[in-house]
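Quick note: numbers below take in every heavy atom, side chains included, and nothing from hydrogens, waters or symmetry partners. Order of appearance sets the numbers: ligands from 1, and atoms from 1 within every ligand.
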Amino acid sequence: MIDQVEENFRGMWRELLPVGRYEATGGYRRHAWTTADGECRAWFREQALKRGLTYEVDRNGNQWAWYGDPAAGDAIVTGSHLDSVPDGGAYDGPLGVVSAFAALDALRERGTATGGRPLAIVNFGDEEGARFGVACVGSRLMAGVLEPGHARALRDQDGVLLGDAMERAGHDPFAIGRDDDRLGRIGAYVELHVEQGRNLGDAPVGVASAIWPHGRWRFDFHGEANHAGTTRLEDRRDPMLAYAATVLNAREQARLAGALATFGKISVEPNGTNAIASRVTAWLDSRAADSDTLDMLVKEIIEQSGAEVTRESFTPVVEFDRPLRDRLAARLGGVPVLPTGAGHDAGILASAVPTAMLFVRNPTGVSHSPAEHAEEADCLAGVTALASVLEDLL
Ligand code: HGY
Ligand code: MN
Ligand code: MN
């Protein structure tokens, strides 16, 4: 790769590293429509403007940087997201955005002819859903698979409405909704992402075949608050017990089904050490290779929980566009083609436009953790691969 492009990659990476980093854990807290998210968005805008790209924010708060005429149609789009899970790693999301700018730099250095076809870089808003509970809000709204009124009414843990948070960040919450005009101008979307398991082995780069169906369910376990020191065990209605049994059952049922079930978030009322809880709210994230397995697993967990359960989001199985993924894999010399259990904006866009993904090797398989890592050489191989497939598509 051209030295200047490598330098650009390193420079962008250095600039983003301190943004939204929580010192105590070393993880990132870049939640949608917060100050940290705003700093990431300002960084994106600056990258677009300093390259002379046409910068815009779409109706749903996603950021776009266009090389070529945004209205020309049949655009090749690449990018990812800049927000994070609570204490997320540096790579999940930002690697795709930084690599997109670096790949564009590489194409321009080389003088790649685009044949009038625009190339756009996108930062999809609120991919992780860490703050308002629903993942891929920006891409879901754009693709019309999330109802605008429902989105505006989502609340964070402090009770702030998504609509209000958006408005405070300077975005009109009543502009959101399906964006057919924009979707109609996209010829293909290619998202580069750090791989989130340890599945690439010797290969620094791979191509995605599919995304497992996955979803999030809220479990409300109801009980009765009472004194921890005076209430006899037989008199208690302690929701913590049903919650604990549900976690263990979910784990066992997932093992039996060859699938995944995780309770990673919990909220307890009144949350006092010396009070029996009156309510436990816990969130299940469950995923499986196929929909029937997932349906049966979640049904089983719900039935045995005794909780009041609400499905908060769901993404059906995604099979990436076969010709496009085969074209990418061939262009890259027969790299591994693999499915993933992680969700992505690409999975949402796949219902509307031809979509593919590139994965960059994750040496430890750790993700959604401050310890997430990718070697710089692999990241640069990712940029080279992305530039190569974009060049081919253009
Ligand atoms: O949760 C996920 O699968 C993704 O990383 N948003
Ligand atoms: Mn993630
Ligand atoms: Mn991601």
* Structure fact -> Near A342 (heavy-atom distance under 4.0 Å), the atoms of ligand 1 are 3 (O)
* the Mn ion (ligand 2) - name of the N/O/S atom of E128 that sits closest to it -> OE2
* Using atom types as modelled and distance alone, determine if a side-chain donor or acceptor of D345 lies under 3.5 Å from a backbone N or O of L349. => no
* Quick one: look up the protein heavy atom nearest atom 5 (O) of ligand 1 and list residue, atom name and how far away it is. => H368 NE2, 3.0 Å
* To do: Taking only heavy atoms of E127 into account, list the atoms of ligand 1 that are under 4.0 Å away from them.
  => 4 (C), 6 (N)
* Asked: For atom 4 (C) of ligand 1, what's the nearest protein heavy atom and its distance?
  -> G343 O, 3.2 Å
* Note: D181-R185 ion pair, threshold 4.0 Å (strictly below) -> yes
* Does R287 reach ligand 1, in the sense of a heavy atom lying below 4.0 Å from it? -> yes
* State plainly whether the residues R117 and D74 are in salt-bridge range, i.e. N to O under 4.0 Å. => yes
* Asked: Quick check, are the ring centers of F101 and Y67 under 6.0 angstrom apart?
  -> no
* Give a yes or no on whether R45 atom CZ has more than 12 heavy-atom contacts from other residues, nucleotides or ligands under 6.0 Å away. => no
* Please work out whether any backbone atom (N, CA, C, O) or any side-chain heavy atom from C-beta onward of H214 is under 4.0 Å from ligand 1, and answer side chain, backbone, both or neither. => neither
* Roughly how far apart are W33 CH2 and E167 CD, rounded to 0.5 Å? -> 11.5 Å
* To do: Ignoring angles and geometry beyond distance, decide whether D285 reaches within less than 3.5 Å of ligand 1 through its nitrogen or oxygen atoms.
  => no
* Measure from the Mn ion (ligand 2) to each N, O or S atom of D92 and report whether any distance is below 2.8 Å. => yes
* Has H193 got an N, O or S atom lying less than 2.8 Å from the Mn ion (ligand 3)? -> yes
* Examine the side chains of D87 and T25 and answer whether a donor and an acceptor come within less than 3.5 Å of each other. => yes
